[in-house]
Amino acid sequence: MKPNKIGIIGCGYVGLITGVCLADLGNQVICHDIDQEKIRILQQGSPPFYEKGLQDFLKRNQDRLTFTTSIDQVIQDSDYLFISVGSPSTKTGAADTRAFNQVIDQIQKRVTNPKVIVIKSTLPVGTAQRIKQQLKGLIDQGLIDVISNPEFLREGNSIYDFMNPDRIVIGAESNQQAKKAARLYDSFTCPILLVSNEDAELIKYASNNFLATKISFINEIANICQQVGADILQVAYGIGLDHRIGHHFLQAGLGFGGPCLNKDLQAMISFSKNQINYDPHLLEAVLKINDLQPGRLLHQIKKLLKDFKGQRFGLLGLSFKPGTSDMRNAPSLNLISALLQEGAEIIAYDPKANLEAGNILKNQIQIVDDPYLVSENTSAILIATEWPEFCKLDYQKIFNNMKEPLLIDGRNIFDKDDIEKLEQIGFQYLGVGRNISLND
Ligand code: UGA
């Protein structure tokens, strides 16, 4: 069978991973981005950002991958056009659809032979319907199909997730159109859902909103644990044993960050309130709990240190989660800005995000490439990202370097036995939802 000709418009995490994985499945893939530097790096065979396995996938599929900044070329050379440009939050929280709209305008001007438009970007419910109105002339001539095919990839695991999906969702006007896109996923054994465009758009938002809800729920329970002297790790394990609840996404800590959970929650809240006149009470509470979470930990620390002014903090972890260098919406940034505002000094280390963090924070904090340096002369060590390697550090060495023995585990990376050992060394340990009540 001849390979499918696939175009990817937008080489961010979603687009690039989709492109290299579709190439790995045997398709001919041309990837487009307006960022010339990114395309230049990709043309040299290098990944423009860190993602596990990406370098290898770029290399082993080099004969099936092309990179271009020419929108004409990507449109002309493809039968399927995957759109994966960003949809960041506007000031009101709504999804910014401008980049997506521009791509649709360009396709509209240039299409001369049949194309399947596959929407990967996360866009408000009704977007596919709106562009079907815009492209009605081309659709009536049989030149365009509009498919909604949301992604569920986790940064840091995105290649694995693409190749091992729980489900594939394809939204279209008719089953016949949906099946055209479903062909691309013939080799997968997971359920393939053929639904309407609106169903597909909503499945994406509802999935991310539900994940965010689980995190805020467990953080709320952790905050209650903190007051009553219960241990959130035991509580989360106990509730997760109920198969209706499960263990996933019940890790209490500083709250969720990253480019998606926050943005999609805000977009859904804004859409509900402004487009359909519905008050999404639960989703608003989820966002509020998350916004308050870093401040709650700082409040606990303040009870122990009294004043942050002049205190030196060692920060372990900067990225929004382990396995990535991505700093977007990283909870570490909230902690840093609050601590700096109160006159603290910060020295930080991250296994992958030092460079990206440095670009954002400039010289406001000191960033080092040795985790042990963050302990030198510090009043507290604060773990802000759950990198597994932080569990394996030599904490005796860290303790010896510190001025005060306070260890703040903002991600609950240590279990009960670890904490006992840390306390034997001499540390005072503070986790999230794991301590004997520190009453107000
Ligand atoms: C999320 C979803 O998990 C993906 O399914 C989705 O495709 C993606 O957004 C997207 O829309 O593109 P991602 O942003 O990569 O993926 O990150 P997650 O793994 O969901 O983690 C988000 C944040 O929640 C991180 O800061 C993490 O540390 C935090 N988290 C996660 C917790 O605080 N507790 C948990 O139990 C789990």
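We count ligands from 1, going down the list as the structure has it; atoms in each ligand are counted the same way. Treat the numbers as computed from the prediction; the structure is a model and nothing was measured.
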Quiz prompt | Residue portion contacting ligand 1 (non-hydrogen atoms closer than 4.0 Å) for H248 | solution = neither
Quiz item: Numbering the atoms of ligand 1 from 1, which are under 4.0 Å from a heavy atom of L211?
Solution: 2 (C), 3 (O)
Return a table of donor-acceptor pairs under 3.5 angstrom between the side chains of residues 166-174 and protein atoms on other chains or two or more places apart.
from : atom 1 : to   : atom 2 : distance (Å)
R167 : NH2    : S207 : OG     : 3.1
E173 : OE1    : K132 : NZ     : 2.5
S174 : OG     : Q177 : N      : 3.1

Practice problem: Please name the pair of heavy atoms, one in P388 and one in P322, separated by the smallest distance, quoted to 0.1 Å. | Solution: CD-CB, 4.3 Å
Quiz item: With respect to atom 2 (C) of ligand 1, which of N208, N157, L250 exhibits the smallest heavy-atom separation?
Solution: N208
Quiz item: Is there a donor-acceptor contact under 3.5 Å from the side chain of N290 to the main chain of V286?
Solution: no
Quiz prompt | Sidechain-backbone polar pair: K38 side chain, C11 backbone, donor-acceptor under 3.5 Å | solution = yes
Quiz prompt | ring pair (Phe, Tyr, Trp, His ring centres under 6.0 Å) assessment of F414 paired with Y395 | solution = CA-CA 12 Å; F414 295 113; Y395 280 91; 5.4 Å; yes
Practice problem: Determine, considering heavy atoms only, which of Y205, Y13, F152, F249 sits nearest to atom 20 (O) of ligand 1. | Solution: F249
Quiz item: Taking all atoms of both residues into account, what is the closest heavy-atom pair of P150 and K120, and its distance?
Solution: O-NZ, 3.7 Å
Quiz item: Are D105 and Q134 close enough that a side-chain donor and a side-chain acceptor fall under 3.5 Å?
Solution: yes
Exercise. Validate the cation-pi geometry between K214 and F249: distance from NZ or CZ to the six-membered ring centre under 6.0 Å, angle to the ring axis within 45°.
Key: no
Quiz item: Tell me, which protein residue and heavy-atom name are nearest atom 6 (C) of ligand 1, and how many Å apart are they?
Solution: L153 O, 3.3 Å
Quiz item: Cation-pi between R183 and Y185: NZ/CZ under 6.0 Å from ring centre and within 45° of the ring axis?
Solution: no
Exercise. Just go through D264, T122, I215 and tell me whose heavy atom is the nearest to atom 31 (C) of ligand 1.
Key: I215
Exercise. Using a strict 4.0 Å cut-off to heavy atoms of E386, name the atoms of ligand 1 that fall inside it.
Key: 28 (O)
Exercise. Among all protein heavy atoms, pick out the one at the shortest distance from atom 1 (C) of ligand 1; state its residue, atom name and that distance to 0.1 Å.
Key: L261 CD2, 3.9 Å
Quiz item: Which atoms of ligand 1 have any heavy atom of F256 under 4.0 Å away?
Solution: 23 (C), 24 (O), 26 (O), 29 (C)
Quiz item: Closest non-hydrogen protein atom to atom 26 (O) of ligand 1, residue and atom name please, with distance?
Solution: F320 O, 2.8 Å
Quiz item: Can you tell which part of R411 has a heavy atom less than 4.0 Å from ligand 1: side chain, backbone, both or neither?
Solution: side chain
Quiz item: Which bit of T385 gets closer than 4.0 Å to ligand 1, counting heavy atoms only: side chain, backbone, both or neither?
Solution: neither
Exercise. Any atoms of ligand 1 less than 4.0 Å from a non-hydrogen atom of K204? List them with their elements.
Key: 6 (C), 7 (O), 10 (C), 11 (O), 12 (O)
Quiz item: Out of curiosity, is G258 lining ligand 1, as in a heavy atom under 4.0 Å away?
Solution: no
Self-check item: Option nearest atom 36 (O) of ligand 1 (shortest heavy-atom distance, choices Q251, K321, K263)
Solution: Q251
Exercise. Looking only at protein heavy atoms, identify the closest one to atom 12 (O) of ligand 1 and say how far it is in Å.
Key: E151 OE2, 2.7 Å
Self-check item: Ion pair check, E389 and K392, cut-off under 4.0 Å
Solution: no
Quiz item: Among protein heavy atoms, which lies nearest atom 15 (O) of ligand 1, and at what distance?
Solution: E155 N, 2.8 Å
Practice problem: For atom 10 (C) of ligand 1, grab the closest protein heavy atom and report residue, atom and distance to one decimal in Å. | Solution: C260 SG, 3.1 Å
Quiz item: Looking at F152 and D161, what are the two nearest heavy atoms and their distance?
Solution: O-OD2, 4.1 Å
